[in-house]
Amino acid sequence: MPELPEVETTVRGLRPVLEGHRLARVEPRRADLRRAIPQDLRQRMTGAVVTGLRRRAKYGLIDTDRGDTLIFHLGMSGRWRIDPDGIGAHDHLLVETEAGRLLALNDPRRFGSLDLVETAGVDEWPAFRALGPEPLGPDFGVAHLARMFEGRVAPIKLLLLDQRIVAGLGNIYVCEALNMARIDPRKPAGRIGRAKLALLASAVREVLAAAIEAGGSTLRDYARPDGELGYFFKQFRVYGREGEACSCGGTILRQVDGGRSTFACPKCQR
DNA sequence: ATTAGGCCCTGCGCGC
DNA sequence: TGCGCGCAGGGCCTAA
């Protein structure tokens, strides 16, 4: 379930296991995920000390004292298993610390990725250079949205999913934020007034912060080898709730936009 | 320059 | 019980 809050939760869960620890074993179990896994990953990571973990958009970053940064993306189905009870078919990377903790990057669909780049140049990494601002950072707000949406006729939902405009939103939280701000997902982005955009910017920050909070509260579950990630889904307003009642009393509809499900309330989202 | 659509891959839940 | 179908949190590529 990896959108921004899930990756943030993952990074926070990995931090106590990895930060400050030397890696005794780094072992890819296959040659590729979405794309090839760097062939020198094992050699460059084994013996290194992890100096820190961070997140950028939906990517997790693991910095080492050798000046390298391991960048992981969880795709649709990726997650890290902590001290797993055995190695499974979809555990594609094993990481073991000198302290004896074992991590397994598990990703059945293999839409995720692993890359190793020099820490000093990480901001210039091609996938990062094109990213828009962090939605929880200082550069995101109504002014940014207004600037990016000006003159655009594409549905606002599709633009919010564009990582070049805002980095880290996915299908769930876009649906949630649009419902909170009472905006029709199909409305042309450039025709949405500034007051609505202000509501939207606030909704984006609010829903992400709440989801991180919920994920943080379930780190114990996350850390179990068979654990699932986060339980914010219990708080979804519209996502996955087709036919149920919106908080306004309307009935939530599911429609398909750009090949992906959109959940929205036709009564209050206009 | 945008945007629509297809594709990558596996697993799960549903209806028959 | 078994099988086929649709669907899934993402991102990248092509073609119009």
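- Of the P atoms belonging to B/dG5 and C/dC7, the separation is 15 Å, rounded to the nearest Å.
- Computed from coordinates, the A/Glu3 CD to C/dG11 P distance equals 9 Å when rounded to whole Å.
- Between the P atom of C/dG10 and the CZ atom of A/Arg79 lies a distance of 17 Å, rounded to the nearest Å.
- Here the side chain of A/Arg254 is nearest to one of C/dG9, C/dC7, C/dG11, namely C/dC7.
- No side-chain heavy atom of A/Leu74 sits under 4.5 Å from any side-chain heavy atom of A/Asp107.
- Side-chain atoms of A/His90 lie closest to B/dT10 of the nucleotides B/dT10, C/dG10, C/dC12.
- Annotation: side-chain hydrogen bond (donor to acceptor under 3.5 Å, both in side chains) contacts involving residues 179-190 of chain A, sequence neighbours excluded, comprise A/Asn179-A/Arg237, A/Asn179-A/Gln269, A/Arg186-A/Asp257.
- Sequence neighbours left out, the pairs with a member in residues 156-168 of chain A that pass side-chain hydrogen bond (donor to acceptor under 3.5 Å, both in side chains) are A/Lys157-A/Asn171, A/Lys157-A/Thr262, A/Asp162-A/Arg164.
- Atom CD1 in A/Ile71 sits roughly 19 Å away from atom P in C/dG10 (whole-Å rounding).
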Exercise for the section: Can you run through DNA chain C from 5' to 3' and write each base as (, ), [, ], | or . depending on how it pairs? Watson-Crick or G-U wobble, both distances under 3.5 Å. Expected result: .|||||||.|||||||

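- Candidate nucleotides C/dG9, B/dG11, C/dC7 were compared by shortest atom distance to the side chain of A/Tyr239, and C/dG9 ranks first.
- Distance check: A/Arg101 CZ to A/His21 NE2 gives 8.0 Å after rounding to the nearest 0.5 Å.
- Proximity of A/Lys58 to the phosphate of C/dG9: no side-chain N or O atom is located under 4.0 Å from OP1 or OP2.
- Applying the side-chain hydrogen bond (donor to acceptor under 3.5 Å, both in side chains) test to pairs two or more places apart or on separate chains, those with a residue in residues 56-68 of chain A are A/Arg44-A/Asp68, A/Arg54-A/Asp63, A/Arg56-A/Glu134, A/Asp63-A/Thr69.
- Looking at the side chain of A/Ser261, the nearest of the listed nucleotides C/dG10, C/dA8, C/dG11 is C/dA8.
- Every residue was checked against the salt bridge (charged side-chain N to carboxylate O under 4.0 Å, His left out) condition with A/Arg205, not counting sequence neighbours, and none meets it.
- Residues passing the side chain to side chain contact (heavy atoms under 4.5 Å, CB included) test with A/Val50, sequence neighbours excluded: A/Leu18, A/Leu23, A/Leu53, A/Ile62.
- Rounding to whole angstrom units, CD1 of residue A/Ile165 and P of C/dG11 are separated by 14 Å.
- Stacking between A/Phe111 and C/dG10 is present: the aromatic ring centre lies within less than 5.5 angstrom of the base six-membered ring centre, and the two planes differ by under 30 degrees.
- Taking atom CG of residue A/Asp115 and atom P of nucleotide C/dG11, one finds them 13 Å apart after rounding to whole Å.
- A/Glu176 places no side-chain N or O within 3.5 Å of a backbone atom of A/Val207 that could act as its donor or acceptor partner.
- Residue contacts shown for A/Ser113 are absent, as no nucleic acid heavy atom lies under 4.0 Å away.
- Rounded to whole angstrom, the span from the CG atom of A/Asn171 across to the P atom of C/dG10 amounts to 6 Å.
- When the salt bridge (charged side-chain N to carboxylate O under 4.0 Å, His left out) test is applied to A/Arg254, no partner is found at least two apart in sequence or on another chain.
- As a whole-Å value, the separation of A/Leu161 CG from C/dG11 C1' is 11 Å.
- Residue pairs meeting the salt bridge (Lys or Arg N to Asp or Glu O under 4.0 Å) criterion with at least one partner in residues 87-96 of chain A, sequence neighbours excluded, are A/Arg25-A/Glu96, A/Arg81-A/Asp91.
- Remark: A/Arg260 is in phosphate contact with C/dG9, judged by side-chain N or O atoms under 4.0 Å from OP1 or OP2.
- For A/Phe72 and C/dG11, the CZ to P distance is 14 Å, given to the nearest whole Å.
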Validation: residues 138-154 of chain A side-chain donor-acceptor distances under 3.5 Å, sequence neighbours left out:
none

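- In terms of phosphate contacts, A/Gln163 brings no side-chain nitrogen or oxygen within less than 4.0 Å of OP1 or OP2 of C/dG10.
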Tabulated below should be each protein N or O lying under 3.5 Å from an N or O of nucleotides 12-15 of chain B; please produce it.
none

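- Ranking C/dC12, C/dG9, C/dA8 by closeness to the A/Arg109 side chain, first place goes to C/dA8.
- At least one donor-acceptor pair under 3.5 Å links the side chain of A/Arg270 to the backbone N or O of A/Lys267.
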Sort me out a list of protein N/O and nucleotides 3-7 of chain B N/O pairs below 3.5 Å, or just none if empty.
from, atom 1, to, atom 2, distance (Å)
B/dT3, OP1, A/Ala154, N, 3.3
B/dT3, OP2, A/Arg152, NH2, 2.7

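- Residue pairs that meet the side-chain hydrogen bond (donor to acceptor under 3.5 Å, both in side chains) test with at least one member in residues 123-132 of chain A, sequence neighbours left out, do not exist here.
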